[in-house]
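Here is the structure we will look at, set down as structure tokens.
Remember, it's a predicted structure, so these values are computed and weren't measured experimentally.
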Amino acid sequence: MSPQLFWLHEEVLSEGLMQKQYAEGCRFLFVFDTVWLTQRPVSLKRVQFIYEALLAMPFEIEIVFGDAAEVLKQQVRQHPGLMGKVIAPKDPELAVRVEGVASEVGVSVLERSRWFASSGKKFSRFFKFYNSVRSEALQAARIHKGEL
């Protein structure tokens with residue numbers, strides 16, 4: 001079986017999600033991407049929060065500071081046949097960066113799983129949307145506990 005690498009980013013720091021990837025034999029990599037941090041500067045407090053969240057996970061995570069594309073290329077050189085994957089972020093700007101790096105390096109971009117199907121309706125107010133999905137959302141939350 002080829003070695004598998006799961007590239008983490010700030011939107012997928014979920015123990016439940018990582019448990020599924022770990023069961024599939026993945027090792028984890030988080031890159032404090034210097035290109036992304038230059039495009040969208042974040043506070044030191046945010047960086048510290050992400051770092052502490054990574055350390056709190058019950059899995060071994062390689063944490064690197066650098067250009068994500070270069071770091072992932074180096075991983076591919078060090079581990080021939082490496083199968084890399086990442087989950088597409090919701091943030092459109094981060095999605096562009098992740099998809100750009102993934103296509104450059106050959107990492108598969110996975111769709112983010114949904115707890116329940118979208119109704120397809122457009123709602124002008126949140127409470128109308130919530131009322132339409134409340135029971136389904138609460139049931140999904142019970143099933144997917146810890147996978148936010």
Side-chain angles (χ1 to χ4, degrees), residues 1-123 126 129-130 133 136-148:
M1 180 175 353
S2 301
Q4 295 188 51
L5 177 72
F6 191 78
W7 174 25
L8 298 167
H9 54 78
E10 62 188 61
E11 288 188 13
V12 292
L13 300 181
S14 160
E15 186 175 333
L17 174 91
M18 291 173 70
Q19 183 65 44
K20 289 178 184 177
Q21 299 301 323
Y22 184 76
E24 293 177 11
C26 288
R27 60 186 188 82
F28 302 102
L29 171 70
F30 184 93
V31 181
F32 282 103
D33 186 8
T34 54
V35 174
W36 173 245
L37 291 173
T38 302
Q39 288 176 349
R40 182 175 304 157
V42 296
S43 68
L44 180 58
K45 195 176 262 191
R46 176 75 177 156
V47 171
Q48 179 181 354
F49 171 78
I50 292 169
Y51 181 72
E52 289 175 357
L54 291 166
L55 293 180
M57 293 293 169
F59 308 100
E60 185 177 321
I61 302 170
E62 183 177 353
I63 303 170
V64 180
F65 182 81
D67 180 345
E70 293 305 315
V71 170
L72 288 164
K73 285 178 187 175
Q74 181 181 7
Q75 290 287 327
V76 170
R77 282 192 299 268
Q78 289 177 348
H79 307 280
L82 181 72
M83 303 274 300
K85 53 187 171 177
V86 63
I87 292 184
K90 289 182 182 179
D91 178 335
E93 292 175 5
L94 181 56
V96 168
R97 174 67 181 154
V98 166
E99 289 170 8
V101 170
S103 65
E104 183 180 338
V105 178
V107 171
S108 300
V109 179
L110 309 174
E111 288 295 316
R112 186 180 206 103
S113 64
R114 298 181 62 98
W115 287 4
F116 55 92
S118 173
S119 66
K121 297 178 187 175
K122 296 281 185 186
F123 296 95
F126 176 77
F129 163 74
Y130 181 73
V133 299
E136 194 175 358
L138 291 174
Q139 179 63 28
R142 286 185 201 100
I143 293 169
H144 297 283
K145 184 178 178 184
E147 293 182 28
L148 292 175

For a quick test of reading the model, state the closest non-hydrogen atom pair linking [X] to [Y] and the distance between them.
X	Y	result
Val105	Leu72	CG1-CB, 3.7 Å
Leu13	Ala53	CD1-CB, 4.3 Å
Glu10	Trp36	OE1-NE1, 3.9 Å
Asp67	Asp33	CA-OD1, 3.6 Å

Practice item. Let me know which of Val12, Val109, Val98, Ile87 forms a side chain to side chain contact (heavy atoms under 4.5 Å, CB included) with Trp7. Key: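 Result for side chain to side chain contact (heavy atoms under 4.5 Å, CB included) with Trp7: Val98.
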
Rounded to the nearest 0.5 Å, how far does [atom2] of [Y] lie from [atom1] of [X]?
X	Y	atom1	atom2	answer
Gln21	Phe6	CD	CZ	4.5 Å
Phe59	Cys26	CZ	SG	11.0 Å
Met57	Ser14	CE	OG	6.5 Å
Asp91	Arg97	CG	CZ	13.5 Å
Phe30	Leu54	CZ	CG	5.5 Å
Leu5	His79	CG	NE2	8.0 Å

Review point. With no hydrogens and no angle check, is any side-chain donor or acceptor of Glu111 less than 3.5 Å from a backbone partner on Ala88?
Key: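 Absent.
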
Practice item. Report the relative orientation of the aromatic rings in Tyr51 and Phe32; use parallel for angles under 30°, tilted for 30 to 60°, perpendicular for over 60°. Key: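 Aromatic pair Tyr51/Phe32 classed tilted.
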
Exercise for review: Would you kindly say whether Gln48 and Glu52 are connected by a side-chain donor-acceptor distance under 3.5 Å?
Suggested key: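 Present: a donor and an acceptor within the cut-off.
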
Exercise for review: For residues Glu99 and Glu104, determine if any side-chain heavy atom of one lies less than 4.5 Å from a side-chain heavy atom of the other.
Suggested key: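 Glu99 does not reach Glu104 side chain to side chain.
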
Review point. Does any non-hydrogen side-chain atom of Val47 lie less than 4.5 Å from one of Val42?
Key: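 Yes, close enough: below the 4.5 Å cut-off.
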
Check your understanding: Is any side-chain N of the basic residue among Glu93 and Arg40 closer than 4.0 Å to the acidic one's carboxylate O?
Key ->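 Here Glu93 pairs with Arg40 in a salt bridge, since their nearest N and O are under 4.0 Å apart.
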
Point to revise | Chi angles and distances behind the side-chain contact (heavy atoms from CB on, under 4.5 Å) call for Gln4, Lys85 | key: CA-CA 8 Å; Gln4 295 188 51; Lys85 53 187 171 177; 3.4 Å; yes

Point to revise | Within 6.0 angstrom of Glu60 CD, more than 12 heavy atoms from elsewhere | key: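 Not more than 12 within 6.0 Å, no.
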
Point to revise | Trace of the side-chain contact (heavy atoms from CB on, under 4.5 Å) decision for Val64 with Leu29 | key: CA-CA 8 Å; Val64 180; Leu29 171 70; 3.7 Å; yes

Point to revise | Phe28 and Glu62: CA distance, side-chain angles, deciding distance, side-chain contact (heavy atoms from CB on, under 4.5 Å) verdict | key: CA-CA 6 Å; Phe28 302 102; Glu62 183 177 353; over 6 Å; no

